[in-house]
Amino acid sequence: MRKAVNRIIMCLGCVCIIIAATLFVYNKHLSEKNYTNAHNIYKKAEALIPPVYISSTSGDLSIYGYLVRATVSSAHLQCVVAKDHDLPYYHKKMIALPDYLKGDLQKVSIGETIILHKVNGKKVTYKVTDSGRIPYKNLTPVGLTIYCQTNGYCYFISSKRI
């Protein structure tokens with residue numbers, strides 16, 4: 001009887017391990033799919049946004065059903081800023097990134113140049129002045145602030161307009 005109970009417990013343990021591994025692989029696949037989708041939207045937006053400022057243009061650019069407001073580009077980070085929360089979006093005068101872009105955000109270094117290219121063609125250049133990890137409640141916008149929030153903490157970069 002005892003051996004049967006031990007076998008059942010071991011079998012349940014193995015099933016739990018298989019389920020956990022499957023969920024991990026699915027999460028990784030979903031993250032890679034979202035990253036690829038966001039990068040494709042970035043490429044399409046860069047091609048459609050006018051290279052020079054057009055004062056009469058306002059609003060958003062619709063790409064694959066997403067309303068794009070601007071693109072953000074640097075040596076390590078390329079993304080769009082949209083209204084949809086599946087993509088980076090404006091939140092409290094800052095740009096909030098989804099988790100799948102956190103790795104790219106962490107590669108951005110102090111002194112690096114970031115270009116914010118708005119849908120109307122206007123380009124604004126920033127230089128990264130600070131980066132790090134702090135509690136989300138302590139995050140305040142300074143210049144252009146881009147962050148990725150996880151479990152009450154966020155990784156952020158702050159930059160100054162040049």
[atom1]/[X] to [atom2]/[Y] distance, rounded to the nearest 0.5 angstrom?
X      : Y      : atom1 : atom2 : result
Lys107 : Leu77  : NZ    : CG    : 10.0 Å
Lys43  : Gln78  : NZ    : CD    : 10.0 Å
Ser74  : Lys127 : OG    : NZ    : 13.0 Å
Leu61  : Asn120 : CG    : CG    : 11.5 Å

Hydrophobic cluster identity match, [X] and [Y], side-chain contacts under 4.5 Å:
X     : Y      : answer
Tyr90 : Ile63  : yes
Leu30 : Tyr66  : no
Met94 : Leu105 : no

Residue list, side chain to side chain donor-acceptor pair (under 3.5 Å) with Glu46, at least two apart or on another chain
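Once residues adjacent in sequence are excluded, the partners of Glu46 under the side chain to side chain donor-acceptor pair (under 3.5 Å) criterion are Thr71.
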Qualifying side-chain hydrogen bond (donor to acceptor under 3.5 Å, both in side chains) pairs, either residue in residues 11-32, two or more places apart
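Non-adjacent pairs meeting side-chain hydrogen bond (donor to acceptor under 3.5 Å, both in side chains): zero.
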Residues which pass side chain to side chain contact (heavy atoms under 4.5 Å, CB included) with [X], listed by chain and number, not counting sequence neighbours:
X      : result
Lys160 : Thr129
Arg7   : none
Thr150 : Asp99, Lys102

Could you list the cluster mates of [X]? Members are the ILVMFWY residues connected by side-chain heavy atoms closer than 4.5 Å, either directly or through other members.
X      : answer
Met10  : none
Ile115 : none
Ile9   : Val5
Leu23  : Val15, Ile19

Just so I know, are the side chains of [X] and [Y] near enough to count as touching, which here means a heavy-atom distance under 4.5 Å?
X      : Y      : value
Tyr100 : Asn37  : no
Tyr42  : Ser73  : yes
Lys44  : Tyr64  : yes
Leu67  : Asp84  : no
Asp86  : Pro98  : no
Val72  : Ile95  : yes
Cys79  : Leu97  : yes
Phe156 : Asp130 : yes

Minimal non-hydrogen separation, Ser131 against Ile110, with atom names
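Closest approach of Ser131 to Ile110: OG-CG1, 4.1 Å.
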At their closest point, which heavy atom of Ile114 faces which heavy atom of Ser159, and how far apart are they?
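Minimum heavy-atom separation between Ile114 and Ser159: CD1-OG, 4.5 Å.
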Salt bridge (Lys or Arg N to Asp or Glu O under 4.0 Å) contacts touching residues 61-80 (sequence neighbours left out):
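Those involving residues 61-80 are Asp60-Arg69.
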Do Asp104 and Tyr35 have a side chain donor and acceptor closer than 3.5 Å?
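Present: a donor and an acceptor within the cut-off.
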Show the numbers, then the answer: is there a side-chain contact (heavy atoms from CB on, under 4.5 Å) between Tyr155 and Gln106?
CA-CA 7 Å; Tyr155 186 83; Gln106 290 175 329; 3.7 Å; yes
Evaluate the criterion side-chain contact (heavy atoms from CB on, under 4.5 Å) for residue pair Thr113 and Thr125; output intermediate values, then yes/no.
CA-CA 7 Å; Thr113 302; Thr125 306; 3.4 Å; yes
Under 3.5 Å, side-chain donor or acceptor atoms of residues 133-148 against the rest of the protein: list the pairs with distances, not counting sequence neighbours.
residue, atom, partner, partner atom, Å
Tyr136, OH, His91, NE2, 3.2
Thr145, OG1, Val142, N, 3.1
Thr145, OG1, Val142, O, 3.2

Report yes or no: does Glu112 contribute a side-chain atom to a donor-acceptor pair with the main-chain N or O of Ala75 at less than 3.5 Å?
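Confirmed, Glu112 side chain pairs with Ala75 backbone.
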With distance as the sole test, does His117 use its side chain to make a donor-acceptor pair with the main-chain N or O of Pro50 at under 3.5 Å?
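Confirmed, His117 side chain pairs with Pro50 backbone.
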Partners passing salt bridge (Lys or Arg N to Asp or Glu O under 4.0 Å) against Lys33 (at least two apart in sequence or in another chain)
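Partners of Lys33 by the salt bridge (Lys or Arg N to Asp or Glu O under 4.0 Å) criterion come out as none, since no residue qualifies.
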